[in-house]
Amino acid sequence: MKFKILLVILLLAFSFSSIMAQIQIQPGEVDAALTDNGASPILVGSSALNQDGYFVWGGNVVKGEDGKYHMFYARWVSGEEHEKFSDAWLINSEIAYAVSDFPDHGFEFVKVVLRGRAKDG
């Protein structure tokens, strides 16, 4: 029994390594700049989704049966009249939903699916 389990593990490892050998990752240019947001310097660059007036963070994209790409992501309000980034994200974050025809751009906000604790008092 132990031999069969070991054999299966070895076969899976070999299959995985042969698949990984076929995948090639090429580095590309990054369009980003270091900026000061008033609290600490942050790296700002292009993103699959940007929303005016919001910090956007941690988007996860899945392709739906409808052929469109659906993103769930964290966001929270930004701007001079709001709490700074380091204080705002923990209780002011929302989980929002956006849709696109492409996996890496063109996302349009649809709705908020989960509100942050601060919004409920």
Side-chain angles (χ1 to χ4, degrees):
M1 181 68 167
K2 289 181 183 179
F3 177 74
K4 288 181 183 179
I5 293 172
L6 181 60
L7 182 60
V8 168
I9 291 172
L10 288 173
L11 287 173
L12 287 173
F14 177 74
S15 297
F16 181 74
S17 64
S18 65
I19 290 169
M20 291 305 293
Q22 296 173 23
I23 297 174
Q24 295 182 5
I25 299 173
Q26 300 296 324
E29 289 186 26
V30 175
D31 181 18
L34 194 60
T35 187
D36 187 352
N37 71 350
S40 61
I42 58 173
L43 191 63
V44 177
S46 61
S47 175
L49 175 67
N50 290 305
Q51 283 188 280
D52 288 338
Y54 288 92
F55 288 109
V56 174
W57 190 292
N60 290 289
V61 178
V62 295
K63 186 173 185 180
E65 292 178 3
D66 59 357
K68 294 188 179 284
Y69 295 88
H70 304 267
M71 178 191 290
F72 292 91
Y73 59 98
R75 74 177 197 168
W76 57 96
V77 178
S78 67
E80 292 294 322
E81 66 279 5
H82 299 285
E83 295 177 78
K84 61 186 177 188
F85 170 84
S86 59
D87 297 332
W89 72 271
L90 187 59
I91 61 172
N92 293 306
S93 291
E94 304 174 324
I95 302 301
Y97 168 60
V99 178
S100 176
D101 291 327
F102 308 95
D104 60 349
H105 68 281
F107 283 92
E108 296 290 331
F109 169 77
V110 176
K111 65 181 179 178
V112 172
V113 296
L114 185 64
R115 297 183 315 161
R117 228 179 356 181
K119 304 259 177 17
D120 293 328

Quiz item: What residues join F102 in its hydrophobic cluster, counting side-chain heavy atom gaps under 4.5 Å, either direct or through other members?
Solution: none
Self-check item: Positive for side-chain contact (heavy atoms from CB on, under 4.5 Å) with Y73, one of W57, F109, F107
Solution: F109
Quiz prompt | Residue pairs fulfilling salt bridge (Lys or Arg N to Asp or Glu O under 4.0 Å) with at least one residue in residues 63-79, sequence neighbours excluded | solution = K68-D101, R75-E94
Quiz item: For Y69, what residues pass the side-chain hydrogen bond (donor to acceptor under 3.5 Å, both in side chains) criterion, not counting sequence neighbours?
Solution: none
Quiz item: Should side-chain heavy atoms under 4.5 Å link Ile, Leu, Val, Met, Phe, Trp and Tyr, which residues sit in the same cluster as Y97?
Solution: F72, I95, V99, V110, V113, L114
Quiz prompt | Heavy-atom closest contact (S93 atom, W76 atom, distance) | solution = OG-CE3, 3.4 Å
Self-check item: All side-chain contact (heavy atoms from CB on, under 4.5 Å) counterparts of N60, not counting sequence neighbours
Solution: none
